[in-house]
Amino acid sequence: MSPFWDMVLSPTGLMLYAAFWAFKILAGAWMLRKAMLLLPVRAQSWTEDKLGRIKLRGRGRRRLG
């Protein structure tokens, strides 16, 4: 195996890969929340309702911010 694959398939490489995806998901959620704040209030309510229906928002009606 090449040194690259040795690194990727090592425990350290797998942990770095998992950390990359965790960071990517958290950064995406943060960017989505910030982008929703730029929407008008009516559009924020509509978006929160749609995200709640597909279980991507917490329970209850909370205002973003």
Side-chain angles (χ1 to χ4, degrees):
M1 243 195 254
S2 71
F4 173 77
W5 289 110
D6 288 340
M7 169 54 185
V8 169
L9 297 176
S10 71
T12 303
L14 295 175
M15 287 180 57
L16 288 172
Y17 184 72
F20 164 75
W21 279 102
F23 172 75
K24 188 173 178 177
I25 290 169
L26 290 174
W30 179 80
M31 287 175 54
L32 180 61
R33 186 173 64 239
K34 292 296 180 184
M36 284 181 60
L37 288 173
L38 298 174
L39 295 172
V41 174
R42 187 171 176 190
Q44 283 182 13
S45 298
W46 181 85
T47 306
E48 287 177 355
D49 180 55
K50 296 299 177 189
L51 290 174
R53 288 176 192 245
I54 59 174
K55 308 289 189 219
L56 291 178
R57 287 283 298 162
R59 292 179 151 207
R61 289 193 155 277
R62 285 184 278 154
R63 177 122 167 100
L64 290 176

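Numbering of residues begins at 1 and proceeds along the displayed sequence. From a predicted model like this one, the values you see are computed outputs, not experimental measurements.
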message: Phe4: which residues meet the side chain to side chain contact (heavy atoms under 4.5 Å, CB included) condition with it, sequence neighbours left out?
response: Ser2, Val8

statement: Across all chains, not counting sequence neighbours, the side-chain hydrogen bond (donor to acceptor under 3.5 Å, both in side chains) partners of Trp21 are Tyr17

message: According to a hydrophobic-cluster definition based on side-chain heavy atoms being under 4.5 Å apart (Ile, Leu, Val, Met, Phe, Trp, Tyr only), do Met36 and Ile54 belong together?
response: yes

Distance-minimising heavy-atom pair for Leu39 and Ala43: CB-CB, 4.0 Å

message: I'd like to check Asp49 versus Arg53 (side-chain heavy atoms, cut-off strictly below 4.5 Å). Are they in contact?
response: yes

Results of side chain to side chain contact (heavy atoms under 4.5 Å, CB included) for Leu14 - residues two or more places apart only: none

- line: CZ of Arg33 to CG of Leu37, rounded to nearest 0.5 Å, is 8.0 Å

- prompt: Within a reach of under 6.0 Å around CZ of Phe23, are more than 12 heavy atoms found that belong to other residues, nucleotides or ligands?
  reply: no

